[in-house]
Amino acid sequence: VRLVESGGGLVQTGGSLRLSCAASGSTFSIRTMAWYRQAPGPGKQRELVASITSGRSIIYYADSVKSRFTISRDGANDTMYLQMSGLKREDTAKYYCNAVVDGVGGLRYDSWGQGTLVTVSS
């Protein structure tokens, strides 16, 4: 499974952006998709922002983004979105798309996109 993110950019505090993650390949084997982010600077860990299961039955949001971000998935286009509103400076990070995939022999693996940069300025 290949993942390609888009939609990042520069936005002012309080603004909105929508990130997209287009999946290709064996998309039928995707179990869960998620957005992670990694803030700039040394020692910053990649953190889970939001996730959604293949049946859209289970959705998770980090406390820091609840009520501001919305994750969704369009099965017809194999695309996942992250609608971000009320952006804060601390949302500045590189955002990565992730998919947990059922591989050959029942082994699950993670697939990652290359990331898209979101910069929130005051």
Side-chain angles (χ1 to χ4, degrees):
V1 171
R2 182 169 179 256
L3 305 172
V4 178
E5 303 97 333
S6 61
L10 176 64
V11 64
Q12 289 189 327
T13 302
S16 300
L17 276 177
R18 188 177 81 156
L19 305 184
S20 300
C21 171
S24 60
S26 302
T27 58
F28 59 88
S29 60
I30 293 174
R31 307 305 300 172
T32 302
M33 295 188 77
W35 288 99
Y36 285 76
R37 67 185 181 187
Q38 187 168 15
K44 296 294 185 180
Q45 302 289 323
R46 191 174 294 189
E47 63 172 349
L48 175 63
V49 175
S51 66
I52 184 168
T53 56
S54 58
R56 304 172 192 80
S57 59
I58 300 175
I59 292 176
Y60 165 85
Y61 293 102
D63 287 342
S64 58
V65 306
K66 275 181 184 175
S67 76
R68 298 188 299 122
F69 290 10
T70 302
I71 190 171
S72 61
R73 191 170 164 187
D74 183 343
N77 296 318
D78 289 324
T79 302
M80 177 178 66
Y81 302 97
L82 186 69
Q83 179 67 47
M84 306 185 294
S85 60
L87 283 163
K88 305 176 181 179
R89 290 192 66 183
E90 51 262 43
D91 294 319
T92 294
K94 196 164 190 179
Y95 285 71
Y96 295 88
C97 177
N98 165 271
V100 176
V101 184
D102 282 334
V104 176
L107 295 177
R108 288 190 176 176
Y109 67 90
D110 283 282
S111 181
W112 293 92
Q114 81 289 350
T116 185
L117 184 62
V118 172
T119 303
V120 184
S121 66
S122 57

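Transitive grouping of hydrophobic side chains (ILVMFWY, heavy atoms separated by less than 4.5 Å) brings I59 and L82 into a common cluster.
A distance-only check finds no donor-acceptor pair linking the side chain of R31 to the backbone of V100 [under 3.5 Å]. Between the side chain of S111 and the backbone N or O of V1, at least one donor-acceptor pair lies under 3.5 Å. Checking side-chain atoms of T13 against main-chain N and O of S121 turns up a donor-acceptor pair under 3.5 Å. Counting only distance, with no hydrogens or angles, the side chain of T32 and the backbone of I52 share no donor-acceptor pair below 3.5 Å.
Inter-residue side-chain proximity for D91 and V118 is flagged as unmet; no heavy-atom pair is nearer than 4.5 Å. In this structure, C97 and W35 have side chains that are in contact, with non-hydrogen atoms separated by less than 4.5 Å. Y61 places none of its side-chain heavy atoms less than 4.5 Å from the side chain of R68. Side-chain contact between S122 and R89 is present, with at least one heavy-atom pair separated by less than 4.5 Å. Contact annotation: the side chain of I30 approaches that of R73 to within less than 4.5 Å [non-hydrogen atoms, C-beta and beyond].
For the atom pair CG of L117 and CZ of R37, the computed distance is 12.5 Å after rounding to the nearest 0.5 Å. Atoms CD1 and CD, from I71 and Q83 in turn, are 12.5 Å apart once rounded to the nearest 0.5 Å. Of the inter-residue distances, the one linking C21 atom SG with D74 atom CG reads 12.5 Å to the nearest 0.5 angstrom. Rounding to the nearest 0.5 Å gives a distance of 11.0 Å between CG of D78 and CZ of F28.
Contact between S51 and A34 at its shortest, heavy atoms only, is CB-CB, 3.7 Å. Between A22 and T79, the shortest heavy-atom distance links the atoms CA-OG1, 4.2 Å. The minimum heavy-atom distance linking L3 with A99 is given by the pair CD1-N, 3.7 Å. Contact record, V65 with V49: CG2-O, 3.7 Å, taken as the closest heavy-atom pair. In terms of heavy-atom proximity, A93 sits nearest to P40 at CA-CD, 4.2 Å.
The 12-atom threshold is exceeded at CD of E90, counting heavy atoms of other residues, nucleotides or ligands nearer than 6.0 Å. When the shell of 6.0 Å around CD of Q114 is examined, it contains more than 12 heavy atoms from other residues, nucleotides or ligands.
Among the candidates Y95, Y96, W112, the single residue satisfying the side-chain contact (heavy atoms from CB on, under 4.5 Å) test with E5 is Y96.
With Y81 as the aromatic partner, R18 meets the cation-pi criteria of under 6.0 angstrom to the ring centre and within 45 degrees of the ring axis.
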